[in-house]
Amino acid sequence: MKQDIRVRIAPSPTGFFHIGSARTALYNWLFARHHNGKFILRIEDTDATRSSKEMVEVILTSLNWLGLDWDEGPQKGGEYGPYFQSERKEIYREYAEKLIKEEKAYWCFCTEEEIEKERQYYLNKKMDWKHRCREKFTETEKQKRMNAGMKPALRFKVPVEKRISFSDIVHGVVEKNASDIEDFVIIKSDGMPTYNFACVVDDFLMKISHVIRGVEHIANTPKQIMLYEAFNLPIPFFAHLPVILGKDKKKLSKRLGARSVLEYRDEGYLPDALINFLALLGWSPGGDEEIMDRERIIELFTLERINPANAIYDETKLEWLNNHYIINRIDEKTFLTSIEPFVISSGYITEEEYKKNREWVDRVCLLMRPRLKVLKDISRAKYFFTDDFEYDENSLKKYLNDKSVSLTREFMVVLKELKDFNAHNIEDSLRKFCEQKAIKTRELIHPLRVYITGTEAGPGLFETMELIGRARCIKRVLNIIERYEHGTS
RNA sequence: GGCCCCAUCGUCUAGUGGUUAGGACAUCACUCUUUCAAGGUGAAGAUACGGGUUCGACUCCCGUUGGGGCCA
């Protein structure tokens, strides 16, 4: 009978929920879903001064946006709660007591200064040093320090003769001598548990079967294993994920461009595209398959196929993937509802106007669709919405000249008389006009585009003109011509 | 300083002793085209280094270098 799969993520609400945290969450979630297991969210908020409620919200919102639903945790509850570590102090204390009773932990009465001095001493001598103060003080000295108001920290009595070994699913066998590990603190002098201690207690009580987390914790794992052994608890499986590095090969940090998941949302990345991208950052299904929806990734995902090497995070592929999703992986309706908030936040149009002209706005968005890397790029469509847009200087230099001006002015007469001002008719008349003039169509199309949109790049000119409308097109052209002829340009 | 982890094109990766080392993004060229995208075709581009093991190593072992991390 296979053991129930239960995994967890345990973010601290102290910083932003960035790409790295999101990927750890994703891999845990994928593993749980693949095995029909449970995905648990536990908030590591033991650092009261740095934790905040807002950051908890950020975590929940980020996970929700990504569509990584958790089975137990905040907002969901569950039979192994509470899921906030700050509410579990009593539990940790209880477990600490056990270790004290069995003499597997002891109180450390050293002051920080003393420890620092000791460290410096050995460092200067270039000697290896591990803090162990098991026999350092007599009972009377301890009492004396207590009376002086000192609060001791609880240290774990490392079984120095042991060699700790575990088999990591990603990295294989990892070994370490216990003698290389100091008698680490498990309860700080302020009464709070340290990461390693709380983690072991919680993972056990929450019946976590697989611990899937970043490699930065691989060095913590031997400590945790010693703790499991001290408590005589079953040891979970471990899978340590490679770290995501920035372009400078340094760990992603806020300073070096690490961005919060919510920023991706606000720029108009599609959650599915981000999920697909993140899944491929450190994992691959084995073949050449790259574009995969959630169901497909869940189906194919295994921890064994995780690449142990650190990955450098390059956003260009994400942009490409997002554009690909915008064009090919969502239907028209989904696209239009997804882009709505970005149209409104562009500020070119009020929500009311949007509702009134929905059909027209939708056509603009559809026209822009293949050109959008992120939904926010809809802001480039400014010239559809308002006459108050900027003209690109270089483009004007190129196309605002006597010849182009006279051509376009003449063509305006044709436009004025056009029956139906639609793309087809505009194109038709323009081609005929050019034929009569014996010029290439581009000689008219390019200046016309610049006069009407202010830029050389954009969707097809005829569709663009139809949407902008006859009156505004002609007005823009005449305005820019006037500007040219009065030398104000 | 000690300990731990890692190493295939610029980037993400496939590959598990015998391959012209495959794919994707990015780059470049061509193509399509009214521009920009998108699309199509193609080019260029990698096994960090040095030793072993082996008939044969990208692949296994050791070392070096480089990167990342933990102790902090």
Side-chain angles (χ1 to χ4, degrees), chain A residues 112 115-116 119-120 122-131 164 166 168 170-172 174-185 195-196 214-223 240-252 276-291 304-324 326-328 367-373 377 380 392 395 398-399 423 426-427 430-431 434 440-450 453 455-465:
Chain A
E112 268 178 54
I115 295 173
E116 185 54 35
R119 172 182 303 144
Q120 285 305 328
Y122 286 100
L123 212 65
N124 288 340
K125 291 192 154 192
K126 297 216 164 168
M127 282 172 71
D128 189 28
W129 165 81
K130 297 283 173 285
H131 185 77
I164 312 298
F166 68 99
D168 187 280
V170 176
H171 295 276
V174 177
E175 291 183 297
K176 190 166 175 143
N177 290 322
S179 55
D180 284 329
I181 300 171
E182 70 172 2
D183 284 354
F184 54 96
V185 174
Y195 167 76
N196 286 311
V215 256
E216 61 268 27
H217 292 299
I218 204 166
N220 281 320
T221 307
K223 293 181 188 174
H240 286 96
L241 274 25
V243 160
I244 300 176
L245 305 171
K247 282 200 249 325
D248 56 353
K249 295 195 175 184
K250 295 266 183 283
K251 197 177 174 186
L252 271 188
N276 194 158
F277 175 74
L278 252 22
L280 258 14
L281 204 58
W283 172 83
S284 100
D288 289 338
E289 198 173 347
E290 289 207 300
I291 312 280
E304 288 75 13
R305 288 210 55 87
I306 292 173
N307 182 164
N310 290 169
I312 292 172
Y313 173 66
D314 179 9
E315 225 159 69
T316 46
K317 191 160 181 175
L318 172 59
E319 283 179 356
W320 167 80
L321 198 61
N322 200 57
N323 173 259
H324 182 85
I326 288 174
I327 300 173
N328 303 310
L367 209 50
M368 292 296 289
R369 166 138 89 147
R371 278 152 264 261
L372 305 176
K373 281 202 160 84
D377 286 342
R380 287 207 291 260
D392 179 69
S395 304
K398 233 152 117 188
Y399 293 110
I426 297 167
E427 177 164 8
L430 183 137
R431 290 197 187 282
C434 290
K440 289 196 169 129
T441 51
R442 60 161 61 100
E443 288 180 66
L444 179 54
I445 287 175
H446 291 329
L448 200 52
R449 172 190 297 284
V450 172
T453 70
T455 168
E456 293 168 80
L461 180 62
F462 309 119
E463 289 86 350
T464 302
M465 285 174 70

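What you are looking at is a predicted structure, and each value in this text was computed from that prediction instead of being measured.
In this structure, the side chains of A:Asn220 and A:His217 come closer than 4.5 Å at one or more pairs of heavy atoms. Side-chain contact check for A:Glu290 versus A:Lys317: some heavy-atom pair is nearer than 4.5 Å. Annotation: side chain of A:Pro285 is not in contact with side chain of A:Arg305 (no heavy-atom distance under 4.5 Å). A:Lys398 has its side chain out of reach of A:His446: every pair of non-hydrogen atoms, C-beta onward, lies at least 4.5 Å apart. Looking at A:Leu372 and A:Asn322, their side chains never come closer than 4.5 Å, going by heavy atoms from C-beta outward.
Between the side chain of A:Asn310 and the main chain of A:Leu245, no donor-acceptor pair closer than 3.5 Å is present. Checking side-chain atoms of A:Thr464 against main-chain N and O of A:Gly460 turns up a donor-acceptor pair under 3.5 Å. Checked by atom type and distance alone, the side chain of A:Arg371 never pairs as donor or acceptor with a backbone atom of A:Asp377 at under 3.5 Å. Proximity of a side-chain donor or acceptor of A:Arg369 to a complementary backbone N or O of A:Ile326 within less than 3.5 Å is detected.
Rounded to the nearest Å, the gap between the C1' atom of B:C71 and that of B:G63 is 26 Å. Using atom P as the reference point in both B:A48 and B:A7, the two lie 10 Å apart (nearest Å). B:U8 and B:C70: their C1' atoms are spaced 28 Å apart (whole Å). When the P atom is used for both B:U19 and B:C62, the distance is 25 Å, rounded to whole Å. If you take atom C1' in B:C12 and the same atom in B:G50, they sit 29 Å apart, rounded to whole Å. Of the C1' atoms belonging to B:C25 and B:A38, the separation is 16 Å, rounded to the nearest Å. To the nearest whole angstrom, the two C1' atoms, one in B:G39 and one in B:U33, are 11 Å apart. Straight-line distance between the P atoms of B:C9 and B:G23: roughly 16 Å, to the nearest whole Å.
Taking every side-chain heavy atom of A:Pro370 into account, B:A37 is the closest of B:A37, B:G15, B:G69.
Among the atoms of the strands shown, only primed sugar atoms or phosphate atoms (P, OP1, OP2) are found under 4.0 Å from some heavy atom of A:Arg305. In this structure, A:Glu289 reaches neither bases nor backbone, as no heavy-atom distance under 4.0 Å exists between it and the strands shown. Counting non-hydrogen atoms under 4.0 angstrom, A:Asn177 reaches nothing in the nucleic acid. When heavy atoms are screened at a 4.0 angstrom cut-off, A:Lys398 is found touching no nucleic acid atom at all.
Every residue meeting the salt bridge (charged side-chain N to carboxylate O under 4.0 Å, His left out) condition with A:Glu443, not counting sequence neighbours, appears here in chain and number order: A:Lys403. Partners of A:Phe462 under the ring pair (Phe, Tyr, Trp, His ring centres under 6.0 Å) rule, at least two apart in sequence or in another chain, do not exist in this structure.
Under a 4.0 Å N-O distance rule, the pair A:Lys373/A:Glu315 does not qualify as a salt bridge.
Applying a 4.0 Å cut-off to non-hydrogen atoms, the residues of residues 178-185 of chain A that approach RNA chain B are A:Asp180, A:Glu182, listed by residue number.
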Which atom pairs link the protein and nucleotides 8-12 of chain B when you take only N or O atoms and keep those under 3.5 Å?
residue : atom : partner  : partner atom : Å
B:C12   : OP1  : A:Ile312 : N            : 2.7
B:C12   : O2'  : A:Leu280 : O            : 2.9

Produce the list of close N/O pairs, under 3.5 Å, pairing protein atoms with atoms of nucleotides 41-49 of chain B; give distances to one decimal.
none

Mind listing the N/O atom pairs, protein and nucleotides 32-36 of chain B, below 3.5 Å?
residue : atom : partner  : partner atom : Å
B:U34   : OP1  : A:Arg431 : NH2          : 3.1
B:U34   : O2   : A:Arg449 : NH2          : 2.8
B:U34   : N3   : A:Leu461 : N            : 3.3
B:U35   : O2'  : A:Glu456 : O            : 2.9
B:U35   : O2   : A:Glu456 : O            : 2.8
B:U35   : O2   : A:Gly458 : N            : 2.9
B:U35   : O2   : A:Gly458 : O            : 3.2
B:U35   : N3   : A:Arg449 : NH2          : 3.1
B:U35   : N3   : A:Gly458 : O            : 2.4
B:U35   : O4   : A:Gly458 : O            : 3.3
B:U35   : O4   : A:Gly460 : N            : 3.2
B:C36   : O2   : A:Arg371 : NH1          : 2.8
B:C36   : N3   : A:Arg371 : NH1          : 2.5

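Nucleotide B:G39 holds its C1' atom 15 Å from the CZ atom of A:Arg369, rounded to whole Å. When rounded to the nearest whole Å, the span between CD of A:Glu216 and P of B:A72 equals 16 Å. Here B:A24 presents its P atom at 15 Å from CG of A:Asn276, a figure rounded to the nearest Å. One can place NZ of A:Lys373 at 11 Å from C1' of B:C25, the figure rounded to the nearest angstrom. When the C1' atom of B:G69 is taken as reference, atom NZ of A:Lys176 falls 10 Å away, rounded to whole Å. Computed from coordinates, the A:Asn196 CG to B:A72 C1' distance equals 13 Å when rounded to whole Å. Remark: P of B:C5 and CG of A:Asn220 are 14 Å apart, rounded to the nearest angstrom. In this structure, CD of A:Glu319 is placed 14 Å from P of B:A37, rounded to the nearest angstrom.
OP1 or OP2 of B:C6 has at least one side-chain nitrogen or oxygen of A:His171 nearer than 4.0 Å.
Across the strands present, B:G2 finds its partner in B:C70; the criterion is a Watson-Crick or G-U wobble pair with both atom distances under 3.5 angstrom. The pairing partner recorded for B:U64 is B:A48, the criterion being a Watson-Crick or G-U wobble arrangement whose two distances lie under 3.5 angstrom. If you check B:C25 for Watson-Crick or wobble pairing at under 3.5 angstrom, you find it paired to B:G10.
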I would like to know whether A:Cys434 and A:Lys440 meet side chain to side chain contact (heavy atoms under 4.5 Å, CB included); could you show each step before the answer? CA-CA 6 Å; A:Cys434 290; A:Lys440 289 196 169 129; over 6 Å; no
Using the rule given for side chain to side chain contact (heavy atoms under 4.5 Å, CB included), can you reason through A:Asn307 versus A:Trp283, listing the C-alpha separation, both sets of side-chain angles and the distance that settles it, and then say yes or no? CA-CA 6 Å; A:Asn307 182 164; A:Trp283 172 83; over 6 Å; no
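With 3.5 Å as the limit, one finds no donor-acceptor pair spanning the side chains of A:Ser179 and A:Asn177. Between A:His240 and A:Thr221, the side chains place a donor N or O and an acceptor N or O closer than 3.5 Å (distance only, hydrogens not considered).
In terms of position on RNA chain B, the residue among A:Gly286 and A:Glu175 whose nearest nucleotide sits closer to the 5' end is A:Glu175.
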